[in-house]
Amino acid sequence: MVKLTDEQWEQIRGHFPEEHPVPGRAGRKPIPTRRVLEAVLWILCTGAQWHMLPQSYPNYKTVHRRFQRWCRQEVLRDILVDVANTLRERGDVDESESFIDAMFASAKGGGAEVGKTKRGKGVKIMGIVDREGLPLSVSTHAANHHEVTLVQLSFDFYMIEATPEHLIGDKAYDSDPLDAELEAEGVEMIAPHRKNRTRAKTQDGRPLRRYARRWKVERFFAWLQWQRRIVTRWEYYPANFLGFVQLAALLILFKRF
């Protein structure tokens, strides 16, 4: 069974609409939000179908309905922002050196925002992590988009106010227009040059020394894949799959509590 500590729950409980009932509300008392969230985490970790939720948890229809509501209202994103900024205030997040990469997840259930690639239909999970590999941004996109075009969209899901000083990526992020766009925002993009590059080189060996630590973003995606619901997208609606990815990122941040 997946359990949240009391400290973790107190950090996030205020974001859930069910924790703010209307005074004098008629009808039955709603099932405690903490129990519902822990049921969703069980689905996330096991990758099981909703109807396979153990009887020790609330009814799966209630859990699924609440989860979809949280995804529509971006409750989980607000929680990520809160937790990430709390850790930054405590000195546990260092955005001065950040890393970016993407992970492919097949979409066997179909649905919206699914792209066709050589590996089949799927989605890309974009991630930006800090110097210690803690997530600063997670987002999902159709897999047929090139990663260069998704960098700015990844910053739309950025969790903290301060942007990274240095953003390190692999050869897929070697793009002069991208470098210029990020430089205008105060971010230095560091990526090895592609072999087929036709323009003059824009980086020397000194900034690229940071590239040796890019394994931290690869480790982050390995952590994500511990949650079996992330490996394959079964959700028809992209917001629901993004919700699972955000919960997986939240569990990684919670390791610092």
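Within the 4.5 Å cutoff, no side-chain heavy atoms of Pro192 are placed close to those of Asp174. In this structure the side chain of Glu188 never reaches within 4.5 angstrom of the side chain of Leu167, judged on heavy atoms. Contact check for Pro54 versus Tyr60: no side-chain heavy atoms found under the 4.5 Å cut-off. Contact check for Asp94 versus Leu134: no side-chain heavy atoms found under the 4.5 Å cut-off. At least one side-chain heavy atom of Ile100 sits less than 4.5 Å from a side-chain heavy atom of Met189. Contact check for Arg66 versus Val36: side-chain heavy atoms found under the 4.5 Å cut-off. Residues Val129 and Ser98 have side chains not in contact (no heavy-atom distance under 4.5 Å, counting atoms from C-beta outward). At least one side-chain heavy atom of Asp179 sits under 4.5 Å from a side-chain heavy atom of Asp176.
Atom CZ of Arg194 sits about 7.0 Å away from atom OG of Ser175, to the nearest 0.5 Å. Here CZ of Phe254 is found 9.0 Å from CG of Leu41. Values are rounded to the nearest 0.5 Å. Rounding to the nearest 0.5 Å places CD of Glu113 at 8.0 Å from NE2 of His145. Atom-to-atom distance recorded for Cys45:SG and Leu251:CG is 6.0 Å, nearest 0.5 angstrom. A distance of 5.5 Å separates CG in Leu250 from CD1 in Ile12, rounded to the nearest 0.5 Å. If you take CG on Leu87 and CD on Glu132, they are separated by 12.0 Å, rounding to the nearest 0.5 Å.
In summary, the aromatic rings of Phe241 and Phe244 are positioned with their centroids too far apart to meet the 6.0 Å limit. Taking the centre of each ring, Phe16 and Trp9 come in below the 6.0 Å mark.
Of the charged side-chain nitrogens involved, none lies within less than 4.0 Å of a carboxylate oxygen, so that Arg131 and Glu95 do not count as a salt-bridged pair. In this structure, Arg34 pairs ionically with Asp6, as a charged nitrogen and a carboxylate oxygen lie closer than 4.0 Å. Taking the charged nitrogens against the carboxylate oxygens, Glu161 and Arg88 have no contact shorter than 4.0 Å, which rules out a salt bridge.
By the 6.0 Å and 45° rule, Arg90 stacks over the aromatic ring of Phe257. Figure legend: cation-pi geometry between Arg213 and Phe99 absent, as NZ or CZ is not positioned both under 6.0 Å from the six-membered ring centre and within 45° of its axis.
Minimum interatomic distance between Pro135 and Phe220 (heavy atoms only, all atoms of both residues): CB-CE1, 3.6 Å. Pro58 approaches Val63 most closely through the heavy-atom pair O-CG2, 3.9 Å. The two atoms that bring Asn144 and Lys116 nearest to each other are CB-O, 3.7 Å, heavy atoms only. For the residue pair Val187 and Pro164, the shortest heavy atom distance occurs at CG2-O, 3.3 Å. Residues Tyr173 and Ala102 come closest through the heavy atom pair OH-N, 3.9 Å. Of all non-hydrogen atoms in Ala172 and His146, the two that sit nearest each other are O-CE1, 3.3 Å.
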I'd like to know whether Tyr57 forms a side-chain hydrogen bond (donor to acceptor under 3.5 Å, both in side chains) with Glu38, so could you lay out the CA-CA distance, the side-chain angles of the two residues, the decisive distance to 0.1 Å, and finally the verdict.
CA-CA 8 Å; Tyr57 291 108; Glu38 290 175 344; over 6 Å; no
Ser96 vs Glu165, side-chain hydrogen bond (donor to acceptor under 3.5 Å, both in side chains): CA-CA, chis, key distance, verdict | CA-CA 5 Å; Ser96 61; Glu165 299 174 17; 5.3 Å; no
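Scored by the ring pair (Phe, Tyr, Trp, His ring centres under 6.0 Å) test, Phe221 finds no partners at all (sequence neighbours excluded).
Heavy atoms of other residues, nucleotides or ligands lying less than 6.0 angstrom from CZ of Arg219 number more than 12. Within 6.0 Å of CD in Gln55 there are 12 or fewer heavy atoms belonging to other residues, nucleotides or ligands. For Tyr237, the OH atom counts as loosely surrounded, since its 6.0 Å shell holds 12 or fewer non-hydrogen atoms of other residues, nucleotides or ligands. Shown here is Glu183, whose CD atom has no more than 12 heavy atoms of other residues, nucleotides or ligands within 6.0 Å.
In summary, of the residues considered (Arg214, Lys124, Lys171, Lys216), a salt bridge (charged side-chain N to carboxylate O under 4.0 Å, His left out) with Asp101 occurs for Arg214 alone.
Side chain of Arg233 to main chain of Val123: no donor-acceptor pair is present (N/O by atom type, distance under 3.5 Å, no hydrogens or angles). Put simply, the side chain of Ser106 never gets that close to the backbone of Lys108: no donor and acceptor are under 3.5 Å apart. In this structure, Arg119 contributes its side chain and Gly122 its backbone to no donor-acceptor pair below 3.5 Å. With hydrogens and angles ignored, the 3.5 Å screen pairs a side-chain donor or acceptor of Ser137 with a backbone N or O of Ser154.
Note on ring orientation: taking the six-membered ring where Trp is involved, the planes of Phe157 and His141 are perpendicular (angle over 60°, cut-offs 30° and 60°).
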